[in-house]
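Positions are given from 1, in the same order as the sequence printed here.
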Amino acid sequence: MPDRSQDSPFSTRKVGMVSLGCPKALVDSERILTRLRAEGYDFAPDYAGADAVIVNTCGFLDSARAESLDAIGEALAENGKVIVTGCLGADPAFITGQHPRVLAVTGPQQYEQVMEAVRAAAPVAPNPLVDLVPPQGLKLTPRHYAWLKISEGCNHKCAFCIIPQLRGPLASRPVHAVLREAEKLAEAGVRELLVISQDTSAYGRDLRHPSHPWRGRERRTHVQDLAEGLASLGLWTRLHYIYPYKHVDALIPLMCRTSGEDAPAGLLPYLDIPFQHSHPEVLRRMRRPAASEDTLERLAAWRAINPDLVVRSTFIVGFPGETEAEFQHLLDWMEAAQLDRVGCFKYENVVGAPSRDLPDHVPEEVKEARHARFMEAAQRISAAKLAAKVGTRAWAVVDEIDEDGDAVARTASDAPEIDGNVFVDGEDRDFEVGEMIRVEITDASEYDLFARRV
């Protein structure tokens, strides 16, 4: 558990938090911690010091479910007073069948139920002198960047995914509420916002894009108006989980340039697009949205508008029925697309996912071989792209400083804990975490850059 202890002299109860899964779950954990802090609870950095432990689970893949069950078991063994929440909590019987000693089980976004369980397990007396919660809430990330969740749930019915079952349909936050949260984060010293949801491109569709006033003008609850508002704050802003719908084209001109001498500010030329595959028949079996889009043409058009655009994506190999020809189509598409950042998963049979019932499941050894071939191709593309940066200059933000005084930083092309790093030589240089620095790239590997400060 991360040490986020902020002890109040009046509080007598401490709660531990184990947060698993994706950044959206991390935001849920932050909201729970914020509410607990508002009621006078402090936070324990280890099991021994906690009056109760919350385990925020992930239930997307079988491997994630197993990790969540292991985390619950460890918390029970080390502490004994465990409250379970998150995606796996959508199936309470499954959890209590494995761990009957848990105090309570709640599903995702059920913040009040979590609060009730904590109050029952470790009641704290109200105290008018209790420390106030900071306006931006409590964060599990470093001070200089923050995840900004704009909606819950998803309306897609992808065959391999059970997120709609776990988190429900799309439920967007009003645009003025999101922008006010972003303002508070900026006032607290955050320099980088990472916008997340299950489908950022669909933001506001469930509400039919109503308008709300913010900073003297009406703004629609729509991804374009949201992006414009966030860009006006001058922070680095990244858009994650973008589906390549036609209206995404309007976002590209809003993005700043990163290759000039001036430090980039505003909406970064960075798109996280979960393509998952390239072959039309595989996409059809996956029930993927936008499967008929000519993504190669779209990518070329976007890059023509902003040559600094960086595109990251994730793919699944070994989906039921995937033939060697369909997999080769994916490899060929990758060569043509030249994506900047790529991740790959071997297909898993997730409990409750429709894809379990599809015919012609791919043998594990074939999935393993295809994953290795895919990653070899992705590494080759990444290595060539990064090698081309040697000798150029870039702006980078310092995430941490190692024991030798070298900086572990990121350029505008890299999201934290997802993409690569820039390792900056610290000889005769002082760095500060969160500082924006100018660097010259001196070397590159398959995923990371090496630099000196200029």
* Between E183 and W214, do the side chains contain an N or O donor and an N or O acceptor separated by less than 3.5 Å? -> yes
* To do: Return yes if some donor-acceptor pair links the side-chain N/O of N79 with the main-chain N/O of A52 below 3.5 Å, else return no.
  => no
* **Over all atoms of both residues, closest heavy-atom pair of L358 and P320** => CB-CB, 3.8 Å
* Do R356 side-chain atoms and N349 backbone N/O form a donor-acceptor pair below 3.5 Å? -> yes
* To do: Mind jotting down which residue pairs meet the ring pair (Phe, Tyr, Trp, His ring centres under 6.0 Å) criterion with at least one end in residues 162-202? Sequence neighbours excluded, please.
  => H176-H212
* Report yes if some heavy atom in the side chain of M255 is under 4.5 Å from a heavy atom in the side chain of I252; otherwise report no. => yes
* Hey, does the side chain of R298 reach the backbone of P244 with a donor-acceptor pair shorter than 3.5 angstrom? -> yes
* Supply the atom-to-atom distance F423 CZ to D448 CG, rounded to the nearest 0.5 angstrom. => 4.5 Å
* **F43 vs M17, side chain to side chain contact (heavy atoms under 4.5 Å, CB included): CA-CA, chis, key distance, verdict** => CA-CA 8 Å; F43 307 115; M17 170 68 79; over 6 Å; no
* Do L36 and M115 touch side chain to side chain, with heavy atoms closer than 4.5 Å? -> yes
* Asked: When rounded to the nearest 0.5 angstrom, what distance separates CG in L449 from CG in N421?
  -> 9.5 Å
* Heavy-atom closest pair, residues G434 and V397 -> O-CG2, 3.9 Å
* To do: Would you check if E432 and V398 make a side-chain contact, meaning some heavy-atom pair closer than 4.5 Å?
  => no
* Are Y203 and H209 close enough that their ring centers fall under 6.0 Å? -> no
* Asked: If you measure from the Lys or Arg side-chain nitrogens to the Asp or Glu carboxylate oxygens, is any gap between D225 and R220 under 4.0 Å?
  -> yes
* To do: Search all heavy atoms of L194 against all heavy atoms of A415 and return the closest pair with its distance.
  => CD2-CB, 4.1 Å
* To do: For residues Q224 and H247, determine if any side-chain heavy atom of one lies less than 4.5 Å from a side-chain heavy atom of the other.
  => no
* Asked: Do any N or O atoms from the side chain of R13 and from the backbone of D51 form a donor-acceptor pair under 3.5 angstrom?
  -> no
* Structure fact -> Here the pair of heavy atoms bringing A412 nearest to L268 is O-CD1, 3.7 Å
* Taking only Lys NZ, Arg NE, NH1 and NH2, and the carboxylate oxygens of Asp or Glu, determine whether R410 and D419 approach each other closer than 4.0 Å. => no
* To do: Determine whether the side chains of S68 and T57 contain a donor N or O and an acceptor N or O closer than 3.5 Å.
  => no
* Stepwise, does the side chain to side chain contact (heavy atoms under 4.5 Å, CB included) test hold for L193 with R238? -> CA-CA 6 Å; L193 295 173; R238 300 180 191 278; over 6 Å; no
* **Salt bridge present between R257 and D262 (N-O < 4.0 angstrom)** => no
* Under 3.5 Å: donor-acceptor pair, side chain of E348, backbone of D62 -> yes
* Enclosure of E218 CD (heavy-atom neighbours >12, cutoff 6.0 Å) -> yes
* To do: Nearest 0.5 Å please: distance from the NE2 atom of H277 over to the CD1 atom of I316.
  => 9.0 Å
* Is there a side-chain contact between V118 and E39, using heavy atoms and a 4.5 Å cut-off? -> no
* **Main-chain N/O of R312 paired to D340 side chain as donor or acceptor, under 3.5 Å** => no
* To do: Please work out which of the three classes, parallel, tilted or perpendicular, describes the rings of F319 and Y347, given edges at 30° and 60°.
  => perpendicular
* Student check: side-chain heavy atoms of I381 and L339 closer than 4.5 Å -> no
* Structure fact -> Between A25 and N56 the two heavy atoms that sit nearest each other are O-ND2, 3.0 Å
* So, K184 and E181, do they make that salt bridge, N to O below 4.0 Å? -> no
* Among all residues two or more places apart in sequence or in another chain, which pass the ring pair (Phe, Tyr, Trp, His ring centres under 6.0 Å) test with Y241? -> none
* Asked: Between E116 and R119, is the closest basic N to carboxylate O distance under 4.0 Å?
  -> no
* ring pair (Phe, Tyr, Trp, His ring centres under 6.0 Å) partners of F160, counting only residues at least two apart -> none
* To do: Quick one: pull up CD in Q113 and CD in Q110 and give me the separation to the nearest 0.5 Å.
  => 4.5 Å
* **side chain to side chain contact (heavy atoms under 4.5 Å, CB included) partners of S151, counting only residues at least two apart** => L170, S172, S197
* Flag yes if more than 12 heavy atoms outside R208 fall under 6.0 Å of its CZ atom; otherwise flag no. => no
* Heavy-atom check, side chain of V248 versus side chain of I273, under 4.5 Å -> no
* Structure fact -> To the nearest 0.5 Å, atom CD1 of I32 lies from atom OG1 of T106 at 6.5 Å
* To do: Go through the steps to decide whether R288 and Y243 satisfy the test side chain to side chain contact (heavy atoms under 4.5 Å, CB included), and finish with yes or no.
  => CA-CA 10 Å; R288 291 291 291 165; Y243 284 78; 3.3 Å; yes
Ignoring hydrogens and angles, write down the donor-acceptor pairs under 3.5 Å from the side chains of residues 94-105, residues two or more places apart or on other chains.
from: T96; atom 1: OG1; to: P92; atom 2: O; distance (Å): 3.0
from: T96; atom 1: OG1; to: A93; atom 2: O; distance (Å): 3.3
from: H99; atom 1: NE2; to: L69; atom 2: O; distance (Å): 3.0

* Checking Q165 side chain against I162 main chain: does a donor-acceptor pair fall under 3.5 Å? -> no
* Structure fact -> In terms of heavy-atom contacts, T85 and I54 come closest through CG2-CG2, 4.0 Å
* Could you list all the side chain to side chain donor-acceptor pair (under 3.5 Å) pairs where at least one residue sits in residues 152-164, not counting sequence neighbours? => Q109-E152, K149-E152, E152-R167, H156-D199, H156-Y245
* Got a second to check how far L166's CG is from C154's SG, nearest 0.5 Å? -> 11.5 Å
* Quick one: are Q276 and V282 in side-chain contact, heavy atoms under 4.5 Å? -> no
* R219 side chain to V175 main-chain N or O, any donor-acceptor pair under 3.5 Å? -> no
* **Basic-acidic side-chain contact under 4.0 Å: D42, R37** => yes
* Does CZ belonging to F345 count more than 12 external heavy atoms closer than 6.0 Å? -> no
* Would T258 and Y270 satisfy side chain to side chain contact (heavy atoms under 4.5 Å, CB included), going step by step from the backbone distance to the final call? -> CA-CA 10 Å; T258 57; Y270 179 102; over 6 Å; no
* **Main-chain N/O of H240 paired with T200 side-chain donor or acceptor, under 3.5 Å** => yes
* In plain terms, say whether D414 and R341 are close enough for a salt bridge, that is, a side-chain N and a carboxylate O under 4.0 Å apart. => yes
* Asked: So does R143 have more than 12 non-hydrogen atoms from other groups sitting under 6.0 Å from CZ?
  -> no
* Counting only N and O atoms by type, is there a donor-acceptor contact under 3.5 Å from the side chain of E322 to the main-chain atoms of G318? -> yes
